[in-house]
Engineer: 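A single structure is presented below for examination.
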Amino acid sequence: MKNIAVYPGTFDPVTNGHIDIIERGLQIFDEVIVAVAVSTDKQTLFPVEERIEMINSATEGLKNLRVESFDGLLIDFVKDVQAKAIIRGLRAVSDFEYEFQMAVTNRKLLKEVDTIFLMSTVKYSYLSSSIVKEVAKYGGDIEGMVPALVSKKLKEIYGTNKGGE
Ligand code: COA
């Protein structure tokens, strides 16, 4: 039986930090399913279809990877796809409390599933989707922070990138 892991998030939008976690997850598991949350507490900039499109474009060529949307409880999705683990990235100590709470709750809801934490690569440890959107909004340079299609879409929304060009 395949060792499948689910990597969930809002991905609004996906960043190079997320891609790093996806690539490293693929080295550990037979298959990784990126699960894009349809409804979250967050007011998203991109509709779910576009968030999926951006992940697909950035991961083209990666084998054993699927990108899907999910609505409702994460654990129901995990059960449906018969995954054994949830992957989450940890960037700093500040992520820990929230992640700990989610991991324990998910394990309470489905005891067969564990959450595996991957430490963010240092150069991405400061990144978040909100930071990227804020930099793009005020015309800063987002080069190196996000995949090409994300950069293109953010520039379309916020106008030309002034910071590094
Ligand atoms: N590199 C860059 N940024 C990263 C990162 C990394 N390696 N890891 C996390 N982040 C950022 C994200 O970009 C995001 O930034 P933002 O807050 O500016 O948008 C933030 O850290 C964390 O968000 P994300 O990883 O997208 O997760 P999330 O907290 O938005 O997603 C869900 C949470 C969707 C997984 C969770 O709410 C969920 O499972 N919801 C379904 C309902 C459910 O089951 N609830 C019970 C759970 S206990």
Side-chain angles (χ1 to χ4, degrees), residues 4-29 32-55 58-59 62 65-81 83 85-138 140 142-151 153-154 157-158:
I4 301 173
V6 167
Y7 179 38
T10 310
F11 304 107
D12 183 51
V14 69
T15 69
N16 286 342
H18 293 127
I19 301 297
D20 173 54
I21 299 288
I22 292 171
E23 287 174 346
R24 286 161 54 203
L26 282 169
Q27 311 221 338
I28 302 170
F29 293 95
V32 172
I33 303 173
V34 180
V36 183
V38 173
S39 30
T40 74
D41 293 342
K42 295 176 183 175
Q43 181 84 27
T44 59
L45 178 64
F46 295 102
V48 70
E49 297 76 18
E50 264 187 273
R51 286 183 268 143
I52 290 176
E53 180 198 357
M54 289 184 276
I55 302 170
T59 56
L62 289 184
L65 180 75
R66 269 195 281 156
V67 186
E68 289 184 17
S69 64
F70 79 100
D71 210 354
L73 275 182
L74 172 63
I75 224 66
D76 289 334
F77 179 82
V78 168
K79 235 188 281 178
D80 282 352
V81 298
I86 295 167
I87 299 175
R88 293 288 289 173
L90 274 187
R91 291 161 303 166
V93 179
S94 51
D95 281 344
F96 181 79
E97 210 166 296
Y98 170 63
E99 293 298 338
F100 179 78
Q101 193 182 20
M102 274 215 301
V104 172
T105 308
N106 283 329
R107 189 120 202 280
K108 181 145 183 53
L109 295 172
L110 184 65
K111 70 172 182 348
E112 296 80 11
V113 79
D114 254 310
T115 302
I116 308 288
F117 293 102
L118 296 179
M119 299 299 156
S120 201
T121 299
V122 174
K123 67 175 172 176
Y124 299 130
S125 60
Y126 67 96
L127 266 186
S128 74
S129 302
S130 307
I131 283 284
V132 166
K133 282 180 280 190
E134 190 167 325
V135 172
K137 184 172 174 182
Y138 295 110
I142 50 171
E143 180 74 39
M145 296 184 192
V146 290
L149 182 61
V150 176
S151 176
K153 282 183 184 278
L154 286 172
I157 293 172
Y158 293 122

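When a residue number appears, it is its place in the shown sequence, counting from 1. Order of appearance sets the numbers: ligands from 1, and atoms from 1 within every ligand.
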Engineer: Can you tell if the side chain of I142 reaches within under 4.5 Å of the side chain of M145, non-hydrogen atoms only?
Structural biologist: yes
Engineer: Nearest heavy-atom pair of I131 and Y126: which atoms, and what distance?
Structural biologist: CG1-O, 4.4 Å
Engineer: With no hydrogens and no angle check, is any side-chain donor or acceptor of K133 less than 3.5 Å from a backbone partner on D12?
Structural biologist: yes
Engineer: Identify, for atom 22 (C) of ligand 1, the protein heavy atom at the shortest distance, and state residue, atom and that distance.
Structural biologist: K42 NZ, 3.9 Å
Engineer: Determine the interplanar angle of the F11 and H18 rings, folded into 0 to 90°, and report it as parallel if under 30°, tilted if 30 to 60°, perpendicular if over 60°.
Structural biologist: perpendicular
Engineer: N/O of I75 under 3.5 Å from N/O of ligand 1, yes or no?
Structural biologist: no
Engineer: I need the atoms of ligand 1 closer than 4.0 Å to a non-hydrogen atom of I21, numbered in the order shown.
Structural biologist: 7 (N)
Engineer: Heavy atom under 4.0 Å from ligand 1: found in S128's side chain, backbone, both, or neither?
Structural biologist: both
Engineer: Could you walk me through whether T15 and S128 pass the side chain to side chain contact (heavy atoms under 4.5 Å, CB included) test, one step at a time?
Structural biologist: CA-CA 7 Å; T15 69; S128 74; over 6 Å; no
Engineer: Is there a donor-acceptor pair under 3.5 Å between the side chain of R51 and the backbone N or O of V36?
Structural biologist: no
Engineer: At under 4.0 Å between heavy atoms, is it the side chain or the backbone of N106 that contacts ligand 1, or both, or neither?
Structural biologist: side chain
Engineer: Measure from atom 6 (C) of ligand 1 to every heavy atom in G17, P13, G9 and give the option owning the shortest one.
Structural biologist: G17
Engineer: I want to confirm something. Looking only at heavy atoms, which of G72, S130, S120, G89 is nearest to atom 42 (C) of ligand 1?
Structural biologist: G72
Engineer: With heavy atoms of Y98 as the reference, note each atom of ligand 1 found under 4.0 Å away.
Structural biologist: 29 (O), 33 (C)
Engineer: Near T105, which atoms of ligand 1 are under 4.0 Å from a heavy atom of that residue?
Structural biologist: 48 (S)
Engineer: Show the nearest heavy-atom pair for residues R24 and L118, with the distance to one decimal.
Structural biologist: NH2-CB, 4.0 Å
Engineer: Can you name the atoms of ligand 1, numbered from 1 with element, that are less than 4.0 Å from a heavy atom of A37?
Structural biologist: 34 (C)
Engineer: Output, in order, the C-alpha distance, side-chain angles, deciding distance and verdict of salt bridge (charged side-chain N to carboxylate O under 4.0 Å, His left out) for D20 and K123.
Structural biologist: CA-CA 11 Å; D20 173 54; K123 67 175 172 176; over 6 Å; no
Engineer: Which heavy atom of the protein is the closest neighbour of atom 15 (O) of ligand 1, given with residue, atom name and distance?
Structural biologist: S129 N, 3.5 Å
Engineer: Is R88 close to ligand 1, meaning an N/O of one under 3.5 Å from an N/O of the other?
Structural biologist: yes
Engineer: Going by the order shown, which atoms of ligand 1 are within less than 4.0 Å of some heavy atom of F11?
Structural biologist: 26 (O)
Engineer: Of the non-hydrogen atoms in I21 and G89, which two are nearest, and what is the gap between them?
Structural biologist: CD1-CA, 3.8 Å
Engineer: When you look for heavy atoms under 4.0 Å from ligand 1, do you find them on the side chain of L73, its backbone, both, or neither?
Structural biologist: both
Engineer: Just by modelled atom types, is the L90 backbone N or O under 3.5 Å from a matching donor or acceptor in the D95 side chain?
Structural biologist: no
Engineer: Taking atom CD1 of I75 and atom CZ of F70, what is their separation to the nearest 0.5 Å?
Structural biologist: 9.5 Å
Engineer: Can you name the one residue among I28, V32, V6, L26 that meets side chain to side chain contact (heavy atoms under 4.5 Å, CB included) with I87?
Structural biologist: V32
Engineer: Please check if a non-hydrogen protein atom sits closer than 4.0 Å to atom 32 (C) of ligand 1.
Structural biologist: no
Engineer: Please determine whether side chain to side chain contact (heavy atoms under 4.5 Å, CB included) holds for the pair M102 and R88, giving the CA-CA distance in whole Å, both sets of side-chain angles, and the decisive distance to 0.1 Å.
Structural biologist: CA-CA 10 Å; M102 274 215 301; R88 293 288 289 173; 3.4 Å; yes
Engineer: Students should be able to answer this: which protein heavy-atom is nearest to atom 5 (C) of ligand 1, and at what distance?
Structural biologist: R91 CD, 3.6 Å
Engineer: Taking heavy atoms and a distance under 4.0 Å, where does L74 meet ligand 1: side chain, backbone, both or neither?
Structural biologist: both
Engineer: Give the residue, atom name and distance (to 0.1 Å) of the protein heavy atom nearest atom 3 (N) of ligand 1.
Structural biologist: L127 O, 3.3 Å
Engineer: Using a heavy-atom cut-off of under 4.0 Å, does the side chain or the backbone of H18 touch ligand 1, or both, or neither?
Structural biologist: both
Engineer: Touching ligand 1 at all, D12? Heavy atoms, strictly under 4.0 Å?
Structural biologist: no
Engineer: Write out the residue and atom name of the closest protein heavy atom to atom 36 (C) of ligand 1, then the distance separating them to 0.1 Å.
Structural biologist: M102 SD, 3.9 Å
Engineer: What residue and heavy atom of the protein are closest to atom 40 (N) of ligand 1, and at what distance?
Structural biologist: F70 CZ, 4.3 Å
Engineer: In ligand 1, which numbered atoms sit nearer than 4.0 Å to a non-hydrogen atom of T10?
Structural biologist: 26 (O), 28 (P), 30 (O), 31 (O)
Engineer: Only heavy atoms of T15, strictly under 4.0 Å: list the atoms of ligand 1 that pass.
Structural biologist: 1 (N), 2 (C), 3 (N)
Engineer: Between the main-chain N or O of I55 and the side-chain N or O of T59, is there a donor-acceptor pair closer than 3.5 Å?
Structural biologist: yes
